Amino acid sequence: MLNGRRVLLVIGGGIAAYKCLDLIRRLQDRGAQVVPVMTRAAEEFVTPLSVAALSGSKVYRELFDLTDEAEMGHIQLSRAADLVVVAPATADLMAKMAHGVAGDLASTLLMATDKRVLIAPAMNVRMWDHAATQRNLETLTGDGVLVVGPDSGNMACGEYGPGRMAEVPEIVAAVEDALLNGPLKGKHVLVTSGPTHEPIDPVRYIANRSSGSQGSAIAQALVGLGARVTFVTGPATAPMPEGVDLVRVETAAEMLAAVKKGLPADAAVFAAAVADWRVEGASDSKIKKDGTGNLPVLEFAENPDILATVSKMKTGRPNLVVGFAAETDHVIDHATAKRLRKGCDWIVANDVSPETGIMGGSENDVTLIHKDGAEDWPRMGKQAVADRLAAKIAEVIGG
Ligand code: CTP
């Protein structure tokens with residue numbers, strides 16, 4: 001299954017474009033999310049309306065569509081996917097890809113993406129056999145582009161031979177192969193996410209403003225690279241990642257127990273905003289006003305530090321332990337000290353001062369701190385941060 005996997009589908013302008021409607025359906029049946037992009041020529045063969053209706057997604061068409069740029073820039077669009085599929089990949093699109101021509105939205109996305117690309121070529125047999133196309137094919141496979149088909153058979157133009165787009169089940173199998181055999185195939189990564197809720201009594205609790213969106217995005221990106229992900233989450237408001245082993249918890253103590261149960265893992269990412277304190281002796285029944293004006297006094301106890309506990313494990317420690325540092329001042333100094341104090345390998349430091357809008361927002365501005373220094377990443381969407389972090393994790397633990 002492809003639960004939670006994101007496919008950016010570039011539909012080229014060929015008669016085989018009609019098969020994309022079925023392709024979208026079959027990929028969705030397997031749980032994938034499909035975001036379609038159409039070239040202008042593709043619109044001559046299928047209407048954007050039918051593609052939108054079937055995919056349940058906006059269809060991206062124009063490079064200079066200002067609304068799109070405001071919603072999602074083309075660079076971001078090219079990366080908010082686990083795999084880019086080009087079907088049908090026409091001779092024209094293949095030539096553009098091979099030569100780095102970026103004159104419209106589809107070709108620009110194909111140049112800007114940092115994800116793997118799978119093409120399903122479809123064209124007339126002579127065009128396929130032409131030396132130029134074969135040269136382009138060689139260039140593309142040399143660049144790491146994956147290819148499915150073309151098949152041989154009777155073609156719409158009346159000729160016979162190779163050039164017919166692979167059948168939909170073949171393309172789906174190639175997509176599955178590409179997505180499930182990512183660099184993190186066979187690796188287990190544990191991710192914590194969201195806030196924790198520490199009860200005061202059965203109806204009240206202490207919490208924080210974490211939405212869990214960065215943790216969800218990281219888990220999703222790791223799934224996209226083929227990892228098995230155990231996702232231990234507090235009561236987050238962000239959508240849950242798909243295709244993970246989901247473990248829901250409320251308190252820090254429950255989160256620690258779930259993390260211990262979830263190990264061993266090849267890597268662990270601690271993105272949760274764990275409450276530092278819990279209420280000592282939380283009441284089993286609702287605390288009532290006693291009518292005298294006396295106010296309840298809460299006593300706190302320190303919660304276990306999950307990141308430090310796992311980082312300092314003598315046996316069974318994941319090979320790579322990644323923590324987060326939410327700071328409001330002296331971000332790098334505090335985060336560097338935190339990495340050493342907690343014993344993790346990397347710390348993703350971010351400034352959560354209210355004016356940054358990061359906590360609970362959609363963007364993040366991070367510095368990755370490791371033993372060799374600090375890498376300052378530009379401000380970007382939380383999904384982009386997640387993709388970059390997942391790719392770095394794959395460099396260390398991936399096959
Ligand atoms: N963390 C954890 N368990 C805790 C507290 C924090 O696992 N009880 C993890 C978080 O998931 C994060 C990292 O530790 O990866 C740092 O969290 P942060 O809130 O920035 O640090 P604190 O430990 O709360 O330190 P301080 O209060 O000094 O900033």
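Ligands are counted one by one from 1 in listed order, and the atoms in each one are counted from 1 as well. A quick note: this is a predicted structure, and the numbers were derived from the prediction, not measured. This chain uses plain numbering: 1 for the first residue, then up along the sequence.
- Between the side chains of S50 and T47, at least one donor N or O lies within less than 3.5 Å of an accepting N or O.
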Exercise for review: Could you walk me through whether T292 and D290 pass side chain to side chain donor-acceptor pair (under 3.5 Å), step by step?
Suggested key: CA-CA 6 Å; T292 66; D290 68 2; 2.7 Å; yes
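- To the nearest 0.5 Å, atom CD1 of residue I397 and atom CG of residue D266 are 5.0 Å apart.
- An N or O contact shorter than 3.5 Å links F270 to ligand 1 by distance.
- Using a cutoff of 4.0 Å between basic side-chain nitrogens and carboxylate oxygens, D114 and R388 are not scored as salt-bridged.
- Considering backbone and side-chain N/O of L307, one or more are found under 3.5 Å from N/O of ligand 1.
- Considering only non-hydrogen protein atoms, atom 3 (N) of ligand 1 sits nearest to I306 N, 3.0 Å.
- For the salt bridge (charged side-chain N to carboxylate O under 4.0 Å, His left out) with D82, the qualifying choice from R5, K115, R6 is R6, the only one to do so.
- Considering backbone and side-chain N/O atoms, A275 never comes within less than 3.5 Å of an N/O atom of ligand 1.
- F270 contributes atom CZ, which lies 6.5 Å from atom OG of S311 (distance to the nearest 0.5 angstrom).
- Using modelled atom types and a 3.5 Å distance limit, the side chains of S107 and D104 yield a donor-acceptor pair.
- Within the 4.0 Å heavy-atom shell around ligand 1 one finds P304.
- Taking only nitrogen or oxygen atoms, main chain and side chain alike, K338 reaches within less than 3.5 Å of ligand 1.
- Inclusion of D276 in the set of residues having an N or O under 3.5 Å from an N or O of ligand 1 is warranted.
- No side-chain heavy atom of L27 sits less than 4.5 Å from a side-chain heavy atom of V85.
- When each atom of ligand 1 is checked for a heavy atom of A326 under 4.0 Å away, the hits are 20 (O).
- Closest to atom 17 (O) of ligand 1 among all protein heavy atoms lies F324 O, 3.5 Å.
- Taking every heavy atom of G323 and a limit of under 4.0 angstrom, the matching atoms of ligand 1 come to 15 (O).
- Taking 4.0 Å as the cut-off, K342 counts as a neighbour of ligand 1 on heavy-atom distance.
- Ranked by closest heavy atom to atom 4 (C) of ligand 1, the top entry among V269, V274, V321 is V274.
- Not a single N or O atom of A273, backbone or side chain, sits closer than 3.5 Å to an N or O atom of ligand 1.
- Using a 4.0 Å cut-off between charged side-chain N and carboxylate O, R341 and D305 make no salt bridge.
- No N or O atom of A325 sits closer than 3.5 Å to an N or O atom of ligand 1.
- Judged purely by atom type and a 3.5 angstrom limit, E302 has no side-chain atom pairing as donor or acceptor with the backbone of D276.
- Nearest non-hydrogen protein atom to atom 28 (O) of ligand 1 is R341 NH2, 3.9 Å.
- Salt bridge status for D29 with R26: present, with a side-chain N to carboxylate O gap under 4.0 Å.
- Ligand 1 has no nitrogen or oxygen under 3.5 angstrom from a nitrogen or oxygen of A271.
- Of the protein's non-hydrogen atoms, A272 O, 3.2 Å is the one closest to atom 10 (C) of ligand 1.
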